[in-house]
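The figures that follow rest on heavy atoms only: side chains count, while hydrogens, waters and symmetry mates do not.
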Number of protein chains: 2
Amino acid sequence: MSTEPLPMRPFSASLPMALLLAREATMRRFRPSLAEHGLTEQQWRVLRALASADQPIEVSVLAERTALLAPSVTRIVARLADDGMIRRDAVVGDARRSTLALTTRGRRLVTRIAPQSEATYAGIEAAFGADRLAALLDELDDLTVVLDAVDDAREAS
Amino acid sequence: MSTEPLPMRPFSASLPMALLLAREATMRRFRPSLAEHGLTEQQWRVLRALASADQPIEVSVLAERTALLAPSVTRIVARLADDGMIRRDAVVGDARRSTLALTTRGRRLVTRIAPQSEATYAGIEAAFGADRLAALLDELDDLTVVLDAVDDAREAS
DNA sequence: TATTGTTATACTCTATAACTATA
DNA sequence: TATAGTTATAGAGTATAACAATA
């Protein structure tokens with residue numbers, strides 16, 4: 001094995017890896033509860049995004065908020081609609097679009113999972129510190145906003 | 001749509017989502033360079049982990065460091081070994097194990113990608129701030145360590 | 001018996017392109 | 001012509017269980 005150092009930062013200092021490992025460590029605690037309800041992570045993201053929206057939203061918005069591609073959203077939504085968790089409504093004035101919202105049943109499902117999810121969250125806060133966690137969340141949001149803003153500026157130019 | 005608030009934090013305050021969105025915003029900048037070299041994210045993680053190891057490592061260690069499952073590692077390593085990027089060596093004294101390391105060719109591939117990767121990193125530091133980024137990395141690592149430590153303690157008990 | 005790793009299998013997501021309907 | 005969304009398709013990863021070899 002060569003001893004020549006590579007001209008790049010060590011793996012342990014990689015931001016994508018740090019984000020991935022932190023997400024893994026976090027999700028490891030949430031997965032059992034999702035599995036119990038037969039939900040994939042992506043399905044849960046969709047349900048969660050719809051539950052948090054204060055009004056029905058379109059596919060493109062849902063895709064952006066869940067970090068899923070449009071074809072994935074189409075499939076996941078079709079499945080959840082089949083299961084009676086999601087409702088589609090036509091948008092007046094533009095027949096290409098439709099909006100998505102949770103049905104009563106879908107809302108009930110989210111409500112059923114919420115307590116376990118919050119308990120898991122409390123455990124993470126207890127282990128890491130609530131203030132630290134809040135600060136970390138702020139930094140993560142800012143990083144996302146900053147990087148997306150630069151991307152948008154590039155696109156516009 | 002019901003107006004009853006859900007008994008859980010808003011989607012925007014979800015740690016798993018914040019980590020995922022931050023990772024997406026970050027990876028969006030690295031992907032073009034990987035695609036250029038015909039590598040998937042996971043293959044790159046494997047190559048990167050081996051490049052950073054100061055000695056050959058076993059499949060189980062590689063799986064842990066890359067956040068991949070053992071069957072995925074087996075397949076990815078087989079492919080990269082076929083392509084001549086990775087070398088397997090028997091472990092003396094235990095025929096079940098073998099160690100993995102980059103070949104000269106694999107090392108050359110990583111070396112070729114490294115400059116682009118570092119340039120992307122520089123862009124992220126410029127946009128977000130090098131100090132802030134370093135602090136964020138520290139917090140992410142700590143979060144991971146803390147959560148894994150609790151998990152380990154649970155297992156042991 | 002426990003461990004390391006591979007194989008088998010089913011499912012899901014990713015990614016891109018092509019396509020439909022509509023604007 | 002551009003946009004929103006769906007469909008088609010290929011490829012890869014995820015997850016679990018079963019298995020082989022070895023310790």
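- Between B/Gln43 and A/Arg75, the residue anchored closer to the 5' end of DNA chain D is A/Arg75, taking for each the nucleotide with the nearest heavy atom.
- How far CG of B/Leu39 is from CG of B/Leu34: 6.0 Å, rounded to the nearest 0.5 Å.
- Contact annotation: B/Arg88 side-chain N/O to C/dT6 OP1/OP2 distance is under 4.0 Å.
- Proximity of A/Thr40 to the phosphate of D/dT14: no side-chain N or O atom is located under 4.0 Å from OP1 or OP2.
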Go through the steps to decide whether A/Asp94 and A/Arg97 satisfy the test salt bridge (Lys or Arg N to Asp or Glu O under 4.0 Å), and finish with yes or no.
-> CA-CA 6 Å; A/Asp94 191 338; A/Arg97 296 167 153 91; 2.4 Å; yes

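- Atom CD in A/Glu64 sits about 14 Å away from atom C1' in D/dA4, given to the nearest Å.
- With distances taken from any side-chain atom of B/Pro71 to the nucleotides C/dT12, D/dA17, D/dT14, the minimum falls on D/dA17.
- Taking for each of A/Val59 and A/Glu24 the nucleotide of DNA chain D with the nearest heavy atom, the 5'-most of the two is the partner of A/Val59.
- Computed from coordinates, the B/Asp89 CG to C/dT4 P distance equals 19 Å when rounded to whole Å.
- Distance CG (A/Leu20) to P (D/dG13): 13 Å, rounded to an integer number of Å.
- Nearest heavy atoms, B/Glu64 versus A/Leu21: O-CD2, 4.2 Å.
- In the hydrophobic cluster analysis, where Ile, Leu, Val, Met, Phe, Trp and Tyr join through side-chain heavy atoms closer than 4.5 angstrom, B/Leu68 is grouped together with B/Val77.
- When heavy atoms are screened at a 4.0 angstrom cut-off, B/Ser60 is found touching the sugar-phosphate backbone but no base atom.
- Spacing between atom CG of A/Leu69 and atom P of D/dT6 amounts to 14 Å, rounded to whole angstrom units.
- Here A/Arg45 lies out of heavy-atom contact (under 4.0 Å) with every strand.
- Nucleotide C/dC11 holds its P atom 19 Å from the CD atom of A/Glu41, rounded to whole Å.
- Judged by atom type and distance alone, A/Arg96 reaches the base of D/dT3 through a side-chain donor-acceptor pair under 3.5 Å.
- B/Leu34 places its CG atom 13 Å from the P atom of D/dG13, with the value rounded to the nearest Å.
- With DNA chain C read from its 5' end, the first of the two nearest nucleotides for B/Ala35 and A/Gln42 is the one closest to A/Gln42.
- When distances are taken from the side chain of B/Ile76 to each of C/dA15, C/dG5, D/dG13, the shortest belongs to D/dG13.
- Between D/dA15 and B/Ser72, no contact under 4.0 Å exists linking OP1 or OP2 to a side-chain N or O.
- Both tests hold for B/Arg9 against A/Tyr121: distance to the six-membered ring centre under 6.0 Å, angle to the ring axis within 45°.
- Look at CZ on A/Arg31: it is 9 Å from P on D/dT14, rounded to the nearest Å.
- Nearest-nucleotide mapping onto DNA chain C: of B/Ser98 and A/Asp94, the residue sitting toward the 5' end is B/Ser98.
- Rounded to an integer number of Å, the gap from CE of A/Met27 to C1' of D/dT14 is 13 Å.
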